Peer 1: 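Shown below is the structure under consideration.
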Amino acid sequence: MVVPHTHWDREWYLPFQRFRVGLVRVLDEVLDAMAADPAYRFTMDGQLAAIEDYLEIRPARRGDVARFVAEGRLAVGPWLILADEFLCSGETLLRNLEYGMRGAAALGGAMPVGYLPDQFGHCAQMPQMLALAGLRLACLWRGVPAHVDRDAFDWTGADGTTIRTAYLPGGYGNAFGLFTGPAEGMPDRVTAFVSTAEGWATGRTLLAMYGADHSAPAREITASGLRVATLAEALTGDPGDGEVPRVRGELRSHARANILPGVISARVPLKQAMARAERVLTRYAEPLSALWLADRSACERLVDMAWRSVIACSGHDSVTGCGSDETAQQVAARIAEAGQTAQAVVDLVAASLAEAAPKGALVVVNPSPFERTGLVLADLPEDRASLADGRGRPVPLQRLEHAPTLLDETVMDDLAQLLGRVHERELYGHEIVSWHAGDGVFTVTVSRHASGAYAYEDLRRAVLEAGPGPWVVRTVAEPVVTVAALVTVPPLGRAVLTARPPAPGRPAPVADALRTDAYGFEPVLDNGLLRVRVAGDGTLSLRGADGAEVHGVGRIVHGGDAGDTYNHAPPPDDRLLDRPSRVVVEEICSGPLTGAYEITRVYDWPAGLGDGDGDGDGDGDGETVPTAVTTRVELRAGEPFARCEITMDVRCRDHRVRWHAPLPRAAAESYAEGQFAVVRRGLAAEGGGGERPIPTFPAESFAAAGGLAVLLDHVTEYEITRDEIGGDGTEMALTLVRSVGYLSRNRNPYRDEPAGPEVPTPAAQCQGPLTVRFAVLPYAGEWHEAGLPRLAEEFRHDLLAVPGAGAAGADGPGAGGRLEVSGDGVMMAALRERDGRLEVRLVAEHPTATEAVVRGDFTAAWTAGVPGSPLSPLEVSRDEVLPDDGADGQGPAASWRAVRVPLKPFEIATVRLGGA
């Protein structure tokens, strides 16, 4: 059965608008062909975005599109965009389906096939995500393991959901050559295709995918005598006979086709920006506006705009970084705009919370569905440099630094010039408190958060009455001290802290506070949960309270890269350099709440491929670049992990820089979290598809092996390296930056064929300042016993601190609307208001069955799928009572209800909450 289609990259080696010109031409041809020939069918690549892009240019053809979709001749959706499944969050993938299916429904209906033609591998929970959207059939190409020897297999997700999956031997254009050449040769070409396809056939239908990148199939295909169908028609009409192979979990095998794993580490700043935008949108803007804003009309539109931008940037040639420099620049701009749009919503929430709390107060909001105790930074007046909670109890503080008091001193002949610097009450980013003129000096006192009466007209009158100059104009800030405060905040709730004068006496008690080294002979951080020592070579030694210990953590290794944005490939004479020429260690802060050291290591690295003398010491005749790599290591009270922030100015070309850490114990496997699953991986990748199967893998929030875990703030490439004789894994390596100069090299040592055009991409060298953040900890036992999902949640999602701005006596918004989620390994992926009800997405990141318990102010609950409609009611108990809210000081809350949701390992559950 012939399936006419096209594969459409919205942006790739050309930027979006230049590709769209071709899209308009292709869809013009397709729609004209469908109008002229009722037998013509067309499948639009499984993504709705191409149709929407077309209709923006050709709005008059919306009726044609809707008619052909309704007739079943034009297949659109179910995705909005063909995303890379490993470089965005699982929540982004589900919203991608939601937007795609909703948009396709408005045109007549979505194609009921989870079509995934060109993604670079497939994540472990894709079967359940498709099933949640009502899709029980998938179709794909890359990543299929060698034991799949048929054109269909049963694919089981990490949670156990199984869907039938059509495999495309030869790819999504396996029949592209069927209609090329003279007409009299058609029978021979059909015979050749059938002889090849029959060896894979599960059923009676042979799927002939007639299409290619960015082109329309010929109109005359309906006259060929072959059956023409949409992909849905072709796959749903022939269930197949007999047993089919079974595959469980993610599809990242190189056996049948290349999966281009180097995109995970290409253009690292894109990956960082994507993760930031997703985090602000999913865990701050959307949930906090649902919980804390009375008027959400503007926020709903802003959130929708942000989601559309995030989804668009998740495309498999977008966030991957494997496009031209022009494309990457546009993707970066769109990701930035998505993050800024989401931040605008957070700003609205913050302003609402600030107005409801008095000036001088600090409102701290918890984005997590469980109680959190964590650090926030605050600027307090010197005379009120302490904080108390809602019950008047002192909050543990650590003084960090004083802000400068003299902000500016300028001589003015005409004092009226001062008024040009003032914007209502703002001056130099502060707010005016008072002013004084005398002895030729006009002094303006400002504060970061001023209180008291103020009128611009009073200031203007004082300036005019001061008389002629010259005047010395001084802008002086009230004495301010920056403090770190250790705050306990209820689940998805807030704590209102009040600034007050420091009181004599013992400081507030701190659990797991940092301990002081009585002798101070070596740089050590210790909070009783983790001990960190900085060695002379700049690496770290870590020892956990459970006895897990590791030394030499944080070795920086530099090597060459002769590959491209798709595949890393070391040069033949690669030199791995890991010895710094100089190491400097400086203490940044030391106290009961936080301690930090800054470790600067200077390396002499080759400027590019071919530079350096080859002996590994960096002192040869070739050009070398002295590079300072600074690691700030921080340990906080109550945290069993060390936070690391690595900064460098990248000036080398064609290279890869990795952070290495030995494993406390040898490992034969690793565990990595991402897209609603914790995936177990071996130390090698399956090869065979014309691509070197290097064992580098993606991780979203953490990677762990052999008793060592790293908590991540963006999708990061990692590898568990083996000892020289190829045994168990001994080290973990994280890629900090990978610099290459081509989109695709025609001759890549690690890939048989080009992955795209050989387009220079100088910006993919990623030169300039780079900062990478993560945390590291040793642990005993297994990953779930160490609580890695929850630790990653706390590392990735800071408490939100908002200075109060309301009138005296304001006591903040009520505590209503909060929610609590508990359960072993149960994590919250999203929380939003939908159709007037709260909707919470949960996932069981746990290797055994567990139970999610959701508590809150609701009376009814239902499970829901991706489209959003309730699926089945859940039993709600009426005897759950929230304890007295000590953090807020607002007294006992009303009786809460609870719903219990049994979950299989890694199961996704969407729960809608509301009235009966």
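If you're wondering where the values come from, they're calculated on a predicted model, not measured in any experiment.
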Peer 1: Any luck finding a side-chain donor-acceptor pair between Gln128 and Gln125 under 3.5 Å?
Peer 2: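 Yes, a side-chain donor-acceptor pair sits under 3.5 Å.
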Peer 1: Of the non-hydrogen atoms in Leu530 and Leu635, which two are nearest, and what is the gap between them?
Peer 2: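 In this case the closest contact between Leu530 and Leu635 is O-CD2, 3.4 Å.
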Peer 1: Show the nearest heavy-atom pair for residues Ala861 and Val899, with the distance to one decimal.
Peer 2: CB-CG2, 4.2 Å
Peer 1: Looking at Gln398 and Leu593, would you say the former's side chain and the latter's main chain have a donor-acceptor pair under 3.5 Å?
Peer 2: yes
Peer 1: With the side chain counted from C-beta on, respond yes when Leu291 and Val349 share a heavy-atom pair under 4.5 Å apart, and no when they do not.
Peer 2: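 They are not in side-chain contact.
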Peer 1: So, do Thr910 and Leu94 sit near enough that their side-chain heavy atoms are less than 4.5 Å apart?
Peer 2: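 Side-chain contact under 4.5 Å: no.
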Peer 1: Using side-chain heavy atoms (C-beta onward) and a distance below 4.5 Å, is Trp307 in contact with Glu98?
Peer 2: no
Peer 1: CZ of Arg643: more than 12 outside heavy atoms within 6.0 angstrom?
Peer 2: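 Counting other residues, nucleotides and ligands, CZ of Arg643 exceeds 12 neighbours.
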Peer 1: How many angstroms lie between atom OG of Ser701 and atom CG of Leu712, to the nearest 0.5 angstrom?
Peer 2: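 That separation rounds to 7.0 Å.
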Peer 1: Are Arg296 and Ser289 close enough that a side-chain donor and a side-chain acceptor fall under 3.5 Å?
Peer 2: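 No, no side-chain donor-acceptor pair sits under 3.5 Å.
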Peer 1: First locate atom CZ of Phe697, then atom OG of Ser670, and finally report the distance between them rounded to the nearest 0.5 Å.
Peer 2: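 Here the rounded value is 6.5 Å.
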Peer 1: If we ignore hydrogens and angles and just use 3.5 Å, is the side chain of Arg102 paired with the main-chain N or O of Pro867 as donor and acceptor?
Peer 2: no
Peer 1: CD of Glu833 to CD of Glu839: how many Å apart, nearest 0.5 Å?
Peer 2: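 CD of Glu839 is found 11.0 Å from CD of Glu833.
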Peer 1: Does a side-chain N-to-carboxylate-O contact under 4.0 Å join Glu278 and Arg95?
Peer 2: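 Not counted as a salt bridge, because no side-chain N and carboxylate O are separated by less than 4.0 Å.
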Peer 1: Does the structure place the NZ or CZ of Arg790 under 6.0 Å from the centre of the six-membered ring of Phe370, at an angle of no more than 45° from the ring's axis?
Peer 2: yes
Peer 1: Within the 4.5 Å heavy-atom criterion, are Phe676 and Met827 side-chain neighbours or not?
Peer 2: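 Counting from C-beta outward, Phe676 and Met827 never come under 4.5 Å.
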Peer 1: Taking the side chain as everything from C-beta on, heavy atoms only, tell me whether Arg912 gets closer than 4.5 Å to Asp835.
Peer 2: yes
Peer 1: Is it true that the side chains of Thr850 and Asp824 contain a donor and an acceptor less than 3.5 Å apart?
Peer 2: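 Looking only at side-chain atoms, Asp824 and Thr850 do not form any donor-acceptor pair under 3.5 Å.
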Peer 1: In terms of the angle between their ring planes, are Phe641 and Phe795 parallel, tilted or perpendicular, with boundaries placed at 30° and 60°?
Peer 2: perpendicular
Peer 1: Rounded to the nearest 0.5 Å, what separates atom OG1 in Thr341 from atom CZ in Arg301?
Peer 2: 10.5 Å
Peer 1: Kindly say whether Tyr779 contributes a backbone atom to a donor-acceptor pair with the side chain of Asp546 at under 3.5 angstrom?
Peer 2: no
Peer 1: Do the non-hydrogen side-chain atoms of Val853 and Val821 ever get within less than 4.5 Å of each other?
Peer 2: no
Peer 1: The criterion is ring-ring contact (aromatic ring centres under 6.0 Å, His included); which residues satisfy it with His846, sequence neighbours excluded?
Peer 2: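 Partners of His846 under the ring-ring contact (aromatic ring centres under 6.0 Å, His included) test: His784.
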Peer 1: Quick check: closest heavy atoms across Val678 and Glu673, and the distance to 0.1 Å?
Peer 2: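 Looking at all heavy atoms of both residues, the closest pair is CG2-CG, 4.0 Å.
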Peer 1: Hey, could you give me each pair passing side chain to side chain donor-acceptor pair (under 3.5 Å) that has a residue in residues 361-374? Not counting sequence neighbours.
Peer 2: Ser368-Arg372, Ser368-Glu793, Thr373-Thr488
Peer 1: Would you mind checking if Arg900 and Glu875 are paired as a salt bridge, meaning a charged N to carboxylate O distance below 4.0 Å?
Peer 2: no
Peer 1: Quick check: closest heavy atoms across Val395 and Ala485, and the distance to 0.1 Å?
Peer 2: CG1-CB, 4.2 Å
Peer 1: Mark yes or no: Arg837 above the aromatic ring of Trp862, with NZ or CZ under 6.0 Å from the six-membered ring centre and no more than 45 degrees from the axis.
Peer 2: yes
Peer 1: Any chance you could measure Leu542, atom CG, to Leu708, atom CG, to the nearest 0.5 Å?
Peer 2: 7.5 Å
Peer 1: Are the side chain of Gln343 and the backbone N or O of Gln340 linked by a donor-acceptor pair below 3.5 Å?
Peer 2: no
Peer 1: Working note: Met129 + Cys123, criterion side-chain contact (heavy atoms from CB on, under 4.5 Å); need CA distance, chi angles, decisive distance, verdict.
Peer 2: CA-CA 10 Å; Met129 286 188 243; Cys123 63; 3.7 Å; yes
Peer 1: So, do Leu135 and Ile163 sit near enough that their side-chain heavy atoms are less than 4.5 Å apart?
Peer 2: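 In short, these two side chains do not touch, never coming nearer than 4.5 Å.
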Peer 1: Mark yes or no for whether Asp389, through its side chain, and Val496, through its backbone, hold a donor-acceptor pair below 3.5 Å.
Peer 2: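 Such a contact is absent between Asp389 side chain and Val496 backbone.
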Peer 1: For residues Ala124 and Ala677, report the shortest heavy-atom separation together with the two atoms involved.
Peer 2: CB-CB, 4.3 Å
Peer 1: Kindly give the heavy-atom pair with the smallest separation between Leu387 and Leu362, and that separation in Å.
Peer 2: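 Where Leu387 meets Leu362 most closely, the heavy atoms are CD1-CD2, 4.3 Å.
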Peer 1: Please check: side-chain N/O of Lys271 versus main-chain N/O of Leu87, any donor-acceptor pairing under 3.5 Å?
Peer 2: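 Answer holds: no.
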Peer 1: Ignoring hydrogens and angles, state whether a donor on the side chain of Tyr284 or Asp798 is under 3.5 Å from an acceptor on the partner side chain.
Peer 2: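 There is no such pair between these side chains.
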Peer 1: Can a salt bridge be assigned to the pair Arg276 and Asp713 using a cut-off of 4.0 Å between side-chain N and carboxylate O?
Peer 2: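 Salt bridge: no.
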Peer 1: Cut-off 3.5 Å, side chains only: do Thr594 and Glu634 have a donor facing an acceptor?
Peer 2: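 Checked: Thr594/Glu634 side chains pair up, N/O donor to acceptor below 3.5 Å.
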Peer 1: Would you check if Trp896 and Glu820 make a side-chain contact, meaning some heavy-atom pair closer than 4.5 Å?
Peer 2: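 Sidechains of Glu820 and Trp896: in contact.
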Peer 1: Determine, step by step, whether Leu400 and Val483 satisfy the side-chain contact (heavy atoms from CB on, under 4.5 Å) criterion, reporting the C-alpha distance in whole Å, the side-chain angles of both residues, the deciding distance to 0.1 Å, and the verdict.
Peer 2: CA-CA 5 Å; Leu400 297 179; Val483 302; 5.9 Å; no
Peer 1: Would you give the length of the straight line joining atom SG of Cys88 to atom CG of Asn96, rounded to the nearest 0.5 angstrom?
Peer 2: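 CG of Asn96 is found 7.5 Å from SG of Cys88.
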Peer 1: Does Glu300 CD have over 12 foreign heavy atoms under 6.0 Å away?
Peer 2: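 Atom CD in Glu300 is packed in, count exceeds 12.
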Peer 1: Side chains of Thr282 and Glu91: do they bring a donor and an acceptor to under 3.5 Å?
Peer 2: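 Distance-only check fails for Thr282 and Glu91.
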Peer 1: Mind checking side-chain hydrogen bond (donor to acceptor under 3.5 Å, both in side chains) for Asp159 and listing every partner two or more places apart, or none if nothing turns up?
Peer 2: Thr161
Peer 1: Among Leu492, Leu819, Val843, find the one that has a side-chain contact (heavy atoms from CB on, under 4.5 Å) with Met828.
Peer 2: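 In the set Leu492, Leu819, Val843, the residue that makes a side-chain contact (heavy atoms from CB on, under 4.5 Å) with Met828 is Leu492.
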Peer 1: Please answer whether the main-chain N or O of Ser872 pairs with a side-chain N or O of Thr863 as donor and acceptor at a distance below 3.5 Å.
Peer 2: yes
